[in-house]
Amino acid sequence: MLKLENINTFYGNIQALKDLSLEVQEGEIITLIGANGAGKTTTLMSICGIEQPRSGRVIFEGQDITETAPDKIVSMGISQVPEGRRIFPKLTVAENLDMGAFLRNDKEEIARDLEYIFELFPRLAERRHQQGGTLSGGEQQMLAISRALMGKPRLLLLDEPSLGLAPLIVKQIFEIIVKINKENNTTVFLVEQNANMALKIAHRGYVLQNGAVTMTDDADKLMANEEVKAAYLGL
Ligand code: ATP
């Protein structure tokens, strides 16, 4: 479904990604784990057209999208849930969700998707007329995921959904990510510093170190790997 081929992305003279290659198959949950500053966010930005790689290619469903504009990429079926959620704090929950669907005009399906989201996150249904900024951190994360789902993505990019949330809320959010993957047939690319949680729900994983992929395997094999255990799982 998605292929990154030898991506090199720079910020001025700083090389954030070094010959990064990876693949995501349709239906998978893939996780990219790595320390602070390893290049995880830059990888997502390079996929969704916000940071242009200096070289290499991003291929989505057979099409080269390396130089495609971000809004076009969303309309092709890739939505991102950014780090720190970035919901619109002054808009209500319902208005935030509308914003996620702004590129669509299939009204009936939008209404069905909204219903699905309110089933998935009953808290958001209860709070649909409340301003986004008044929600708790966990609810804001739910809103950010839901807003991305309103774009009707086939591929959902998630940037550190666990950031700043209590363990119980993280568990709930990760359970819902699994549900979205299974029930809604949405392929998931999950970037996480919480490698433990991410590897538990992922099918496969990539380890990113200083902008380069250093390891890739099935998630359960990565979890059992001594290097991964010592560096990322705190074991
Ligand atoms: P984090 O978990 O902290 O978000 P990350 O793995 O997502 O880290 P990136 O944010 O992709 O890492 O950063 C990769 C490298 O690029 C880091 O060295 C970072 O300092 C640098 N970097 C990121 N954004 C910029 C920017 N806008 N300008 C300059 N350097 C940047």
Side-chain angles (χ1 to χ4, degrees), residues 2-24 29-58 60 65-70 73-74 78-87 137-138 140-141 144-145 147-148 153 155-167 169-170 173-174 177 188-202 204-217 219 222-223 225 227-234:
L2 179 80
K3 207 170 184 181
L4 305 193
E5 291 177 355
N6 303 103
I7 295 289
N8 290 288
T9 303
F10 288 74
Y11 297 104
N13 291 330
I14 300 168
Q15 184 166 9
L17 299 181
K18 297 168 189 154
D19 263 330
L20 184 142
S21 296
L22 60 83
E23 275 184 35
V24 181
I29 300 180
I30 289 295
T31 186
L32 182 65
I33 58 172
N36 228 331
K40 303 182 298 300
T41 298
T42 307
T43 305
L44 293 187
M45 296 301 182
S46 303
I47 296 169
C48 63
I50 295 170
E51 294 296 339
Q52 279 281 318
R54 192 172 290 180
S55 63
R57 298 200 307 161
V58 181
F60 177 59
I65 59 162
T66 323
E67 291 181 7
T68 304
I73 291 177
V74 175
I78 301 181
S79 293
Q80 189 187 165
V81 183
E83 187 173 348
R85 325 197 238 279
R86 309 243 190 113
I87 56 140
Q140 289 191 18
Q141 185 62 60
I145 294 172
R147 184 182 55 188
L155 175 63
L156 183 66
L157 310 176
L158 292 158
D159 197 351
E160 305 232 13
S162 76
L163 197 73
L165 301 180
I169 309 288
V170 173
I173 295 218
F174 276 54
I177 295 169
V188 175
F189 188 81
L190 169 67
V191 156
E192 260 300 342
Q193 266 192 61
N194 188 337
N196 225 320
M197 288 297 289
L199 288 171
K200 268 188 199 143
I201 68 161
R204 292 189 301 118
Y206 289 86
V207 178
L208 193 63
Q209 236 177 327
N210 297 320
V213 170
T214 53
M215 224 184 287
T216 178
D217 212 331
L222 284 178
M223 277 192 107
N225 180 290
E227 261 179 73
V228 174
K229 275 189 187 170
Y232 303 103
L233 302 178

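Excluded from the calculations below are hydrogen atoms, water molecules and symmetry mates; all remaining heavy atoms, backbone and side chain alike, are included. Read the numbers this way: they start at 1 and go in the same order the structure lists the ligands and their atoms.
At least one side-chain heavy atom of L155 sits under 4.5 Å from a side-chain heavy atom of L2. You'll find the side chain of K40 stays beyond 4.5 Å of the side chain of E192, heavy atoms only. Inter-residue side-chain proximity for I33 and L190 is flagged as unmet; no heavy-atom pair is nearer than 4.5 Å.
Which parts of ligand 1 touch A38 is read off a 4.0 Å heavy-atom cut-off, strictly below it: atoms 5 (P), 6 (O), 12 (O). Set against the non-hydrogen atoms of E83, the atoms of ligand 1 under 4.0 Å away are 4 (O). Counting atoms of ligand 1 from 1 in the listed order, those under 4.0 Å from a heavy atom of Q193 are 2 (O). Residue A35 approaches ligand 1 through these ligand atoms, each under 4.0 Å from one of its heavy atoms: 6 (O).
Only one option out of T31, L32, I29 pairs with F189 in a side chain to side chain contact (heavy atoms under 4.5 Å, CB included); it is L32.
The protein heavy atom nearest to atom 3 (O) of ligand 1 is N36 OD1, 2.3 Å. Looking from atom 5 (P) of ligand 1 to the surrounding protein, the closest heavy atom is K40 N, 3.4 Å. For atom 17 (C) of ligand 1, the closest non-hydrogen atom of the protein is G37 O, 3.6 Å. For atom 23 (C) of ligand 1, the nearest non-hydrogen atom of the protein is Y11 CE1, 3.3 Å.
The two residues E23 and R204 make their nearest non-hydrogen contact at O-NH2, 2.8 Å.
T9 and E51 share no side-chain donor-acceptor pair at under 3.5 Å.
By the 6.0 Å contact criterion, CD on E227 is open, its count of non-hydrogen atoms from other residues, nucleotides or ligands being 12 or less. Under a cut-off of 6.0 angstrom, the local environment of NZ in K3 is sparse, with at most 12 non-hydrogen atoms contributed by other residues, nucleotides or ligands.
Note that the CG atom of L17 and the CG atom of N6 stand 12.0 Å from one another [nearest 0.5 Å].
The closest approach between a heavy atom of G12 and any atom of ligand 1 is not below 4.0 Å. The closest approach between any non-hydrogen atom of E160 and ligand 1 is below 4.0 Å. Ligand 1 lies within reach of G39, whose nearest heavy atom is under 4.0 Å from it.
Less than 4.0 angstrom separates atom 19 (C) of ligand 1 from none of the non-hydrogen atoms of the protein.
Counting only non-hydrogen atoms, the option in T9, L44, T41, T42 that gets closest to atom 7 (O) of ligand 1 is T41.
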